[in-house]
Amino acid sequence: MVLLMVNIIFIKKRRLSFGYSFLWTTICIIIFILSFNKGISKYFSEPGQTIHVPGYILFIAASAVIFMFFHLTVVASDMKRRITRLTQENALLSDKINETLNKEEIHV
Amino acid sequence: MFGNQGVNFLRYLAIVPAYNEGKNIYNVVRKIKSCNPGFDVIVINDGSEDNTPSEAVRAGVKVLNLSNNLGIGGAVQTGYLYALKNDYDAAVQIDGDGQHNSEDLCRLIKEIENNTADMVIGSRFVEKSNYKPGIFRNMGIHYFSKLVSLICNRNYYDTTSGYRIVNRKGIELFAKYYPEDYPEVETIVYAVKHNLRVKEIKVEMRKRQGGKSSITPLKSVYYMVKVTSALLIQPERKEVLW
């Protein structure tokens, strides 16, 4: 519940993009349902021989966090690649601008 | 021999990536220019905090200033992008720390001019040379040499050498994709897998003329793991197109 509320506050402030907030909301709702509905938790935990229901919920939560963490590293890698390309383009454009300015100065 | 000097009119670019190489860069650039007057030289200032850019300008060459420190891969790739956009026919990568002897450049470029290779590596081990690495460095060099030779079905001896020249085909390939860190070994396999003819030519290398190597013992462990994985898992062709 706390996580869900924090999630909503961050969306309200627009500090968390909707894509990520959707993922967090889904995780929160799944954990919320599993925590408050014993029947569903038991139904899903028995085939995996996880008799201990709270342990099963913890397993689901940990899996979700690992998934999110992996997803974020993919995003970070992509961001790094974009920043690299942006820095390179910036350097090349600055060079072009300086070259043009120098040529103009010579003409003047 | 080169560029505007008569015999042929191919355009050559020397890419010198430099990070805090203020003590060396002037001499490195002057040496390249005096040995190879037909070469255009560009220094890629990889976010240095010292006087590297002003020293490079003092040496009379163009400097591309990267606003962030991208690491060796990002800096060198900027050079290849510059070469691609300015229609150079070949580009050579020379370290800013003064290890590479620019007098050997003529022999490297000859292979490109004669069209016997698309990428030529200045090698310390293809023949006997005076270069003597430390024990662990030597073990690493041998390990990567064996691994690259196995993957490429051909013997490569100095896979960690950063002294290399590529023709237009190589420029186009590396402008699209270049590994961000520890790129030397991976780029050989990447080039071979993209049908570039990669050749080694014996060169002499000096010890660093100043500054400090960035590879610490901990980083060397990461180096081994990262490069081995990168060699075994080559990028998909469509994935590397920006």
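Between Glu89(A) and Lys85(B) there is a salt bridge, since a side-chain N of the basic residue sits under 4.0 Å from a carboxylate O of the acidic one.
Contact annotation for Ser94(A): neither backbone nor side-chain heavy atoms come within less than 4.5 Å of a heavy atom of chain B. With a 4.5 Å cut-off on non-hydrogen atoms, Asn68(B) touches chain A through its backbone and its side chain both. Within the 4.5 angstrom heavy-atom criterion, no atom of Asp46(B) approaches chain A. Contact annotation for Leu66(B): both backbone and side-chain heavy atoms come within less than 4.5 Å of a heavy atom of chain A.
Val185(B) places a side-chain heavy atom less than 4.5 Å from the side chain of Thr160(B).
Using modelled atom types, no side-chain atom of Asp40(B) and backbone atom of Leu13(B) make a donor-acceptor pair closer than 3.5 Å. Of the possible polar contacts, none joining the Ser48(B) side chain to the Asn45(B) backbone as a donor-acceptor pair under 3.5 Å is found.
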